[in-house]
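Working notes, structure below.
Below, read A as the first sequence line, B as the second, and so on, with proteins coming before strands; counting in each chain starts at 1.
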Number of protein chains: 2
Amino acid sequence: MKIKDIAKLAGVSPATVSRVMNNSGYVIDEKRKAVEKVIAEVGYTPNEIAKSLKNRKTNIIGVIVPKISTETASRVVDGITEVAKAHDCQILIANTDLQIEEEIKSLKFLSNRLVDGIIMMATEVTEQHYKVAKGISVPIVMVGQQVDGYPSIIHDDYHAAKAMMKHILAKGHQEIGFIGVSPHDIAVGIKRKQAYLDALSEAKLEVDDQLIAIGNFSIESGYEQMEKILAHKQPTAVMAVTDQLAIGAIHCIRDHRLTVPEDISITGMGDGKLSKYFIPPLTTVRLHHKTTGIMAAKNLFTLIENGYVKNEMVVDFSLRIRESVDEKEK
Amino acid sequence: MKIKDIAKLAGVSPATVSRVMNNSGYVIDEKRKAVEKVIAEVGYTPNEIAKSLKNRKTNIIGVIVPKISTETASRVVDGITEVAKAHDCQILIANTDLQIEEEIKSLKFLSNRLVDGIIMMATEVTEQHYKVAKGISVPIVMVGQQVDGYPSIIHDDYHAAKAMMKHILAKGHQEIGFIGVSPHDIAVGIKRKQAYLDALSEAKLEVDDQLIAIGNFSIESGYEQMEKILAHKQPTAVMAVTDQLAIGAIHCIRDHRLTVPEDISITGMGDGKLSKYFIPPLTTVRLHHKTTGIMAAKNLFTLIENGYVKNEMVVDFSLRIRESVDEKEK
DNA sequence: ACTTAATCTGAAATCGATTTCAGATTAAGT
DNA sequence: ACTTAATCTGAAATCGATTTCAGATTAAGT
């Protein structure tokens, strides 16, 4: 069923049917009713692809995520969805599985008019990203990283990690371990580590390389890196750069017949769904991922409509102080 | 930049450019090279919308999910993505936020040629779903529920729950509580409960209504429902219908100064990411959600290509026996 | 050398909508 | 009654690709 068929059935021209469907231009009541009747009878829905071609607008926004099955990504997407819904827009997700070529490929695929705009959650932004992004005609909003020339919504990783460290320091800890993540990830790998280092130096504490371990994003890795630290010495507190790493570390500590927080305090970052219900409840810092998604989407829509938007926005965080950090008696 | 511009620059017709791009028909080497040179120079990428209109194929599959930010949904989507990638297909996600009108709206929106096929994860399938689905021209695969007339990929909720119960019974438990979920959800609310009831009756045990509590999907609800059960009597084991409910229940039990599994054994279902690392590690049953996604996508693609596919497929499960269930000494 | 098949090419039609434009009718204003 | 503005309508052009078709050229086969 296409518009021509409806027109024939209703005894009008396709133009009139289009006017009825879109409520535009003049249509005499009698013909409008006739068209509406036919549409209802045959259950006509217009071909969205044809509409998109003519209107140069698809009402779809593309979202490029590194891995949808992570809490971070799915929360951001949740936020984006909320805003998109209000704009009667669908979202098209490209799951890149952390592969850079996939990101590039997705950018290219989405770019040519398939979507009205793109929200990109990149872990790492390479030269290639820039090159491809520059050739793209639809607006792009970056999430999670500051990318020059593009509106970016970023988390305040540095200050969040710093706040966490200040909390640990305030509890009297002096020997503080760190479980981090590869520097390929700027936000998590670099900024959070920098905060750790700066906090120590501001507190006039020495940095001890034996207390620093770098893993990946898995729980298992948290276990392994904690093991590595304990092989050298026993800190009184450890800041892990994600909740998952913290949970792995706690398991390792427990296997060493030590307890959390009495023997060693542990903190995470992210405030995953279960952190609150872990035993002990994990002290962590919540990055407002859903808010990030909401802001990214709002920015994208104003970018689409006005062509301009503020360049960088930083999303807030909040400490979640629970029970995995103990006062260190002097 | 459109195909006409490329044609002009290369001194050929649009038809020839199309032939070069799609590697179809005859093109003499000299012209092919000329076209390729121009394409490379200007970085031309074809308008996907126009291609879709002509080809009657968008290379996008639609996925309707109740809530993307749940482990279940994101794992299924992960599986779908994997298969879609192999078919050079993007996925368009409609997040319905558990609202039925949204599901219907999404079905309608996606249906008219915007996607080549639809995978639908419905929690509840109403008359309205049927009516709309019937009017839709693209193939649909259902996930999570058997829907007459549509290929469905379902989890074996009944046998998974039954296997869990058999495990509990084999450990010698006789007073077994149950924390379930509203019967609106057929798979989780009805089938898992039926398995509980059947397992009891097969073991010639009485059903005790005071040991049965119905909540929702949250951790908090697990806590509340456990509270309700404990107000009446203390079972030796409780089967919760999801890991989240189980974790809530464990917290409640702990707050009653009882221990898991020594005083009360607990089981979950789902094998969420953290179940293994919970303390105690949770005995649960893993439903292979990613496999579900993979199978749904595979079925959809054969449906698109062949127009026919087996009607119902049941995805396997596996018990994960960990430490939250204890032997009940006689 | 001549027939037949294979190769090559661009004009025109097409996918299914929307919009412009010009012509026709009706309503409003004096 | 006549001018002007508002209302109404459908034919044709358009969005940007692909494909069919027919005609032209080249290669292969005898």
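- The residues B:Lys105 and A:Asp88 are annotated as salt-bridged, a charged nitrogen and a carboxylate oxygen being separated by less than 4.0 angstrom.
- Put simply, B:Tyr26 has no side-chain N or O that comes within less than 4.0 Å of OP1 or OP2 on C:dC8.
- The pair A:Asp185-A:Lys191 does not count as a salt bridge, with every side-chain nitrogen at least 4.0 angstrom from each carboxylate oxygen.
- A salt bridge is defined here as a Lys NZ or Arg NE, NH1 or NH2 lying under 4.0 Å from an Asp or Glu carboxylate O, and A:Glu127 with A:Lys131 fails to meet this definition.
- No more than 12 heavy atoms of other residues, nucleotides or ligands shown are found within 6.0 angstrom of CD on B:Gln128.
- In this structure a side-chain-to-backbone donor-acceptor pair under 3.5 Å is present from A:Ser152 to A:Val147.
- Atom CD1 of B:Ile3 and atom C1' of D:dT14 are 17 Å apart (whole Å).
- If you check the side chains of A:His289 and A:Thr292, you find no donor sitting under 3.5 Å from an acceptor.
- Rounding to the nearest 0.5 Å gives a distance of 8.5 Å between OG1 of A:Thr291 and CG of A:Asp316.
- Using a 4.0 Å heavy-atom distance criterion, B:Val27 is classed as a sugar-phosphate-only contact.
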Between the protein and nucleotides 25-27 of chain C, which nitrogen or oxygen pairs are less than 3.5 angstrom apart?
none

- Note on the structure: Note, DNA chain D 5' to 3' with Watson-Crick or G-U pairs under 3.5 Å encoded as ( ), [ ], | and . gives ||||||||||||||||||||||||||||||
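- In this structure, B:Arg32 places its CZ atom 9 Å from P of C:dC8, rounding to the nearest Å.
- Note that CD1 of A:Ile39 and CD of A:Glu36 are 7.0 Å apart. Values are rounded to the nearest 0.5 Å.
- The CZ-C1' distance, from B:Arg56 to D:dT19, rounds to 14 Å in whole Å.
- The residue A:Lys4 sits apart from the nucleic acid: no heavy atom pair falls under 4.0 Å.
- Atoms CG (B:Asn59) and C1' (D:dA17) sit 14 Å apart, rounded to a whole Å.
- Look at NZ on A:Lys2: it is 15 Å from C1' on C:dT18, rounded to the nearest Å.
- With rounding to whole Å, B:Asn55 atom CG is found 17 Å from C:dT14 atom P.
- Within residues 5-16 of chain A, the residues that place at least one heavy atom under 4.0 Å from DNA chain D are, in residue-number order, A:Val12, A:Ser13, A:Ala15, A:Thr16.
- Taking a cutoff of 4.0 Å between a charged side-chain nitrogen and a carboxylate oxygen, B:Lys290 and B:Asp78 do not qualify as a salt bridge.
- Within 4.0 Å (heavy atoms only), A:Ile28 reaches sugar-phosphate atoms of the nucleic acid but no base atom.
- For the atom pair SG of A:Cys89 and CD1 of A:Ile80, the computed distance is 11.5 Å after rounding to the nearest 0.5 Å.
- One donor-acceptor pair, N or O on each side, does fall under 3.5 Å between the base of D:dG10 and the side chain of A:Arg19.
- Annotation: of the two residues near DNA chain C, A:Ala50 and B:Asp29, the 5′-most nearest-nucleotide partner is B:Asp29.
- Under the 6.0 Å cut-off for aromatic ring centres, B:His155 and B:His288 do not qualify, their centroids lying 6.0 Å or more apart.
- Rounded to an integer number of Å, the gap from A:Met21 CE to C:dT18 P is 7 Å.
- Rounded to an integer number of Å, the gap from B:Lys31 NZ to C:dT7 P is 17 Å.
- Annotation: the span from B:Met142 atom CE to B:Ile119 atom CD1 amounts to 11.5 Å, rounded to 0.5 Å.
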